[in-house]
Engineer: 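What follows is a single structure, and I will ask about it in a moment.
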Amino acid sequence: MSIVLALVTAVLFACGSWLLMQRRLTRIIIGIGLLGHGANLLLITAGGPAGRPPLIGADPVSSLSDPLPQALALTAIVITFGVTAFLLALGYRSWQITTDDAVENDIEDTMVARRAADGPEGPVDDGEPTTSELGEM
Amino acid sequence: MSTESLVPLPIVLPLFGAALTVVLGRSRVAQRVVSIAVLTAMLVVSVALLAEADQEGHVVQVAGGWSAPLGIALVVDRLAGIMLVVSTVVLLAVMVYAIGQADAERERIAFHPLYLVLAAGVSASFITGDLFNLFVAFEMMLAASYVLITLGGQPDQVRSGMTYVVISLVASTLFISVLALLYAATGTVNMADLSVRLAEVDPGLRAAFSVMLLVVFGIKAGLFPLFFWLPDSYPTAPGPVTAIFAGLLTKVGVYAIIRTQLLMFDTPEWLGTTLLWVAGSTMVVGVLGAIAQDDMKRILAFHIISQIGYMILGLGLLTVAGVAAAVFYVIHHIIVKTALFLVAGLVDRRAGTSRLSEMGGLVRSAPVIAALFAVPALSLAGLPPFSGFLAKFALVDAGLEVDRWGIVAVSLAVGLFTLFSMTKIWAGVFWGERDQEPTRTPMVDGRFGAPVWMVIATGGLVAASLAFSIWAGPLHELSLRAAGDLMDPARYVDAVLGGRP
C-alpha cells in the first residue's frame, strides 16, 4: 500500500468526519461523499500496490494486483452514488420546506428537555417549540 | 427440484414481485395481489427451508456455479431459517395491514415495489454466507427503507428521515472500511473462509475486527451508545412502515452481530463481558428514555432499544443456553413489537393523535383495540403466561447457570420498568379523559373502530405471539439446536467449504 494512497484515505476520512459534524445539510452531504470516497480508496488499496492492472496478457499473472477488491469497490461506488442522489433530493425537499439548510433539533426531544427544565410542578406548555429552541445545540 | 435450489427464492421472489408491481403501477388491485402472492410464496419456501435446515443442519447453494469461497454462498442454517420464517410472517401481516388501511396517502404507487425490495434485502441478509454480500443486502434493505420512511415528504418525515439516512450511511461506510481491512488481512470475504483464516491472524488485529464489526452492526441494531437516532426517526414514518422497521430492521442488525461474532471470531471472555455491559446499559437507557416520553410511538421506540439489550445479553453469556435464549427472544420480540406498533397505528387512527395527553377513554369507545394492545403489552413486560415471560425466563435461567447475577438482576429490574411504561400507555390511552383536544379528527369506521383488515392483521400477530407461548417447548428446543450450530462454527465451515480447508 503506497504511502500517498494511505495519506489520501486518511485526509478524506478526516475531512468527511469533520463535515459530518456540521449543522448545515449541504456540508453533511459533502461529508458523506468524502467518507464514501475514502472507504472506496481503502478497498482498492486492499487489492495490492498501485500500477499493476489486472489485465490478462499484460503482465505475468503472479504480479497482477487482485481484481476482486476493484469489483467490490465498483459495487460500493454505485451504491454510494445512488444514495447520495437520494440524499441530495431529500436535502432539496428540506430546503423547500424550511428555506434553510440547517438541521433542526427533534421536536419531541426539545419538548422533553423543556419538561425536564420546568420540573414536575412547572407550567405545562405543550405548544410547538419555537425556532430558537430548535436551533439550540 | 431439490431443496438447495429453493435457497435463492426468498431473494429472487420479492425482487421479481417488485419489478412486477412497478409495471402494474396503474392498478392498485393488481399490485396488492402480486404483493400478497409473493409474500405467501416466500412464507411457503421459508418454511420448507427451515424444515430442511433443521434436518440437515445447513442448506447451501453457491450462486453462479463457482464453488465457495469464490462463488457467493447462500446458506440457510437453523438460525437463518427461523429468522426467514418469522420475518416473512411479519412482512405478510404488515402488508395485509397496509392494504387494510387503504389510505391513498400511504399506499402510493411506490409503496409495493419498495416494500418488496425491503423484503428481499431482509431475507438476503439472513441467508447470505458472504460478508460483502451482506453489505449489499443491507444497502438494498436500507435504500428501500430510506424512501419508505420519507414517503409523503412531510416536514417532520424529512427532518427525521435525514438523521436516519445519514447515520445509516455512516454505518455503511464503516462497514466498507472493515471489509477492506479484512480483505487486506485475509484475502477473502466469504464468512466460512474468514472463520478459518482469521484464526491465523494476530489476536490483537482479530479483536480490532471483532469490535469494528460490533460497532457497525451496533449502529444498525441500536445498541448503547449508538441508539440515539432510533427514537427520533422511527415514529414519524407511516404506521405500517414504522411497524416493519421496529419489528425487523434492528433485528437484522442483531442477527448480523450474532452471526459474525460467533462464526468468525473465537469470542474470548473479555468480549462476553463487554457485551454484557453494553447489554445492561442498552436495557437501562432504553427503558429510562421511554419513561420520559409522552408520545405512544416514541415510548414503544425506546422499548425497542431496551429489548435489544436482552438479546445481546443472551449472546454475551457465550453459552449454548445463552445464545439459544437470545434466538428465542428475537423470535418473540419481532412478533410482539410489530404487533404493538400496529396497535399504535390503530390507536393513532382512532384517536387522531399518538400523544398520551391528547387521548383517553378508548377502552369504552374501542374495546377491540384495547384487547389487542393488552396481550402484546403484557407479553413485552414479561408477565406469565405470555411469550415475553418465557423468553425472559430462558435468559435468566441461562444467566444464572454461569453465575452472572448482576446482569440478571438488571434485566429483571428493567422488566419492572417496562411494565410501568406499559401501564402508563394503558392509563393514558385507554382509561381516563383527554387533557387536550387532538390535533387531527379521529377516524371511526366499522364495528371494531378500525378497518377490518387492519384489525385482522394485528389480531393475527397477537395470535402468533400466543401460539408462541403454546408451542414454546418445541421452539425452545429448535433455538437450542440453532445455538448448538452457532457455538460450533466448524459445522458451518464444513457445510460451505465442503470439508476443504
Engineer: Which pair of heavy atoms, one from B:S177 and one from A:F13, lies closest together, and at what distance?
Structural biologist: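 Scanning both residues completely, I find the closest heavy atoms to be OG-CZ, 3.3 Å.
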Engineer: Verify side-chain contact (heavy atoms from CB on, under 4.5 Å) between A:Q96 and B:V158, making sure each step is shown before the conclusion.
Structural biologist: CA-CA 11 Å; A:Q96 271 187 329; B:V158 171; over 6 Å; no
Engineer: If we only count heavy atoms from C-beta on, is the A:I97 to B:R159 side-chain gap below 4.5 Å?
Structural biologist: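 When only atoms from C-beta onward are counted, B:R159 and A:I97 do not touch, as no gap falls below 4.5 Å.
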Engineer: Under 4.5 Å heavy-atom distance to chain B, tell me which part of A:I28 shows up: side chain, backbone, both or neither.
Structural biologist: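 Only the side chain of A:I28 comes within 4.5 Å of chain B.
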Engineer: Taking C-beta and beyond as the side chain, do B:V170 and A:I32 meet within less than 4.5 Å on heavy atoms?
Structural biologist: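 Yes - at least one pair of side-chain heavy atoms lies under 4.5 Å apart.
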Engineer: Taking only heavy atoms into account, what residues of residues 133-142 of chain B are found under 4.5 Å from chain A?
Structural biologist: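 If one takes a 4.5 Å heavy-atom cut-off, the residues of residues 133-142 of chain B near chain A are B:F135, B:V136, B:E139.
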Engineer: For the candidates B:T173, B:T163, B:L174, which exhibits the highest count of non-hydrogen atom pairs separated by less than 4.5 Å from chain A?
Structural biologist: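 Greatest number of close heavy-atom pairs with chain A: B:T173.
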Engineer: By a 4.5 Å heavy-atom criterion (distance strictly below it), what part of A:L35 contacts chain B: side chain, backbone, both, or neither?
Structural biologist: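 Both parts, heavy atoms under 4.5 Å.
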Engineer: Taking side chain as everything from C-beta outward and backbone as N, CA, C, O, which of these in A:I44 sits under 4.5 Å from a heavy atom of chain B? Side chain, backbone, both or neither.
Structural biologist: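 Answer is neither: A:I44 stays 4.5 Å or more from chain B.
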Engineer: Only heavy atoms, only distances under 4.5 angstrom. Which residues in residues 178-187 of chain B are near chain A?
Structural biologist: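 The residues closer than 4.5 Å to chain A, in numerical order, are B:L179, B:A180, B:L181, B:Y183, B:A184.
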Engineer: Quick one: what part of A:L72 sits under 4.5 Å from any heavy atom of chain B, side chain, backbone, both or neither?
Structural biologist: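 The answer is both parts of A:L72.
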Engineer: Between A:A39, A:G91, A:G16, A:S17, which shows the greatest number of heavy-atom pairs under 4.5 Å with chain B?
Structural biologist: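 Sorted descending by pairs with chain B, the first entry is A:A39.
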Engineer: Using 0.5 Å steps for rounding, measure from the CG atom of B:L169 to the OG1 atom of A:T84.
Structural biologist: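 Result: 7.0 Å between the selected atoms.
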Engineer: Is A:L41 in contact with chain B via its backbone, its side chain, both, or neither, using a 4.5 Å heavy-atom distance?
Structural biologist: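 For A:L41, neither part sits under 4.5 Å from chain B.
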Engineer: How far apart are the C-alpha atoms of B:Y146 and A:L90, what are their side-chain angles, what is the distance that settles it, and do they pass the side-chain contact (heavy atoms from CB on, under 4.5 Å) test?
Structural biologist: CA-CA 10 Å; B:Y146 299 154; A:L90 204 58; over 6 Å; no
